[in-house]
Amino acid sequence: MEGSTRGNSRTRRWGANCYEETGLELLDARLVDARSYTAHRLGIDWHLVGLFYRVDVKPGPLVVTKADDSTSAVTWMPLSGLRASQLSPAAVDGLAMTGAR
């Protein structure tokens, strides 16, 4: 999820992002791990830090509720149909932490 600003609770901001991207209400979020990654893309060297959270959400259908910005690219796919070559290293690590892979 995106960064937070001073005075804006991370949980509240992540809850808003979770709702925008999934249509689900965030109930709880707990930090599980933090990892760093490096990448070279489009002539730029990147150093990324991934924060991994285990979250609880209210049940409901998956739907993108805010589609007028970067969330318009969100697509929900069944885990069984994903290939590792489609995922970022961080996504592969996150799925492994959940036991889904």
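It should be emphasised that the depicted structure is a prediction, and the values quoted were computed from it without experimental measurement. Nothing fancy with the numbering, it's 1 onward along the sequence.
Every residue meeting the side chain to side chain contact (heavy atoms under 4.5 Å, CB included) condition with Val57, not counting sequence neighbours, appears here in chain and number order: Cys18, Leu24, Leu26, Val55.
Across Gln86 and Gly81, no two heavy atoms sit closer than the pair OE1-O, 3.8 Å. Nearest heavy atom pair, residue Tyr53 against residue Leu51, reads CE1-CB, 3.7 Å. Glu21 and Val64 make their closest contact through O-CG2, 3.9 Å (heavy atoms, listed as atom of the first residue, atom of the second, distance).
Ring pair Phe52/Tyr37 is perpendicular by interplanar angle, where above 60° counts as perpendicular and below 30° as parallel.
Met77 and Val92 fall within a single hydrophobic cluster, where Ile, Leu, Val, Met, Phe, Trp and Tyr are joined by side-chain heavy atoms under 4.5 Å apart, directly or via other members. Hydrophobic clustering of Ile, Leu, Val, Met, Phe, Trp and Tyr side chains at less than 4.5 Å, counting indirect connections, unites Leu62 with Trp14.
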Self-check item: Leu48 and Thr38: CA distance, side-chain angles, deciding distance, side chain to side chain contact (heavy atoms under 4.5 Å, CB included) verdict
Solution: CA-CA 6 Å; Leu48 312 163; Thr38 59; over 6 Å; no

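Among residue pairs with one or both ends in residues 51-62, those qualifying as salt bridge (Lys or Arg N to Asp or Glu O under 4.0 Å) are Glu25-Lys58, Arg30-Asp56; sequence neighbours excluded. Residues in residues 35-46 take part in these salt bridge (Lys or Arg N to Asp or Glu O under 4.0 Å) pairs, two or more places apart or across chains: Asp33-Arg35, Arg35-Asp93.
Considering only heavy atoms from C-beta on, Leu82 comes within 4.5 Å of Leu87 through its side chain.
Put simply, the side chain of Thr65 gets close to the backbone of Tyr19: a donor and an acceptor are under 3.5 Å apart.
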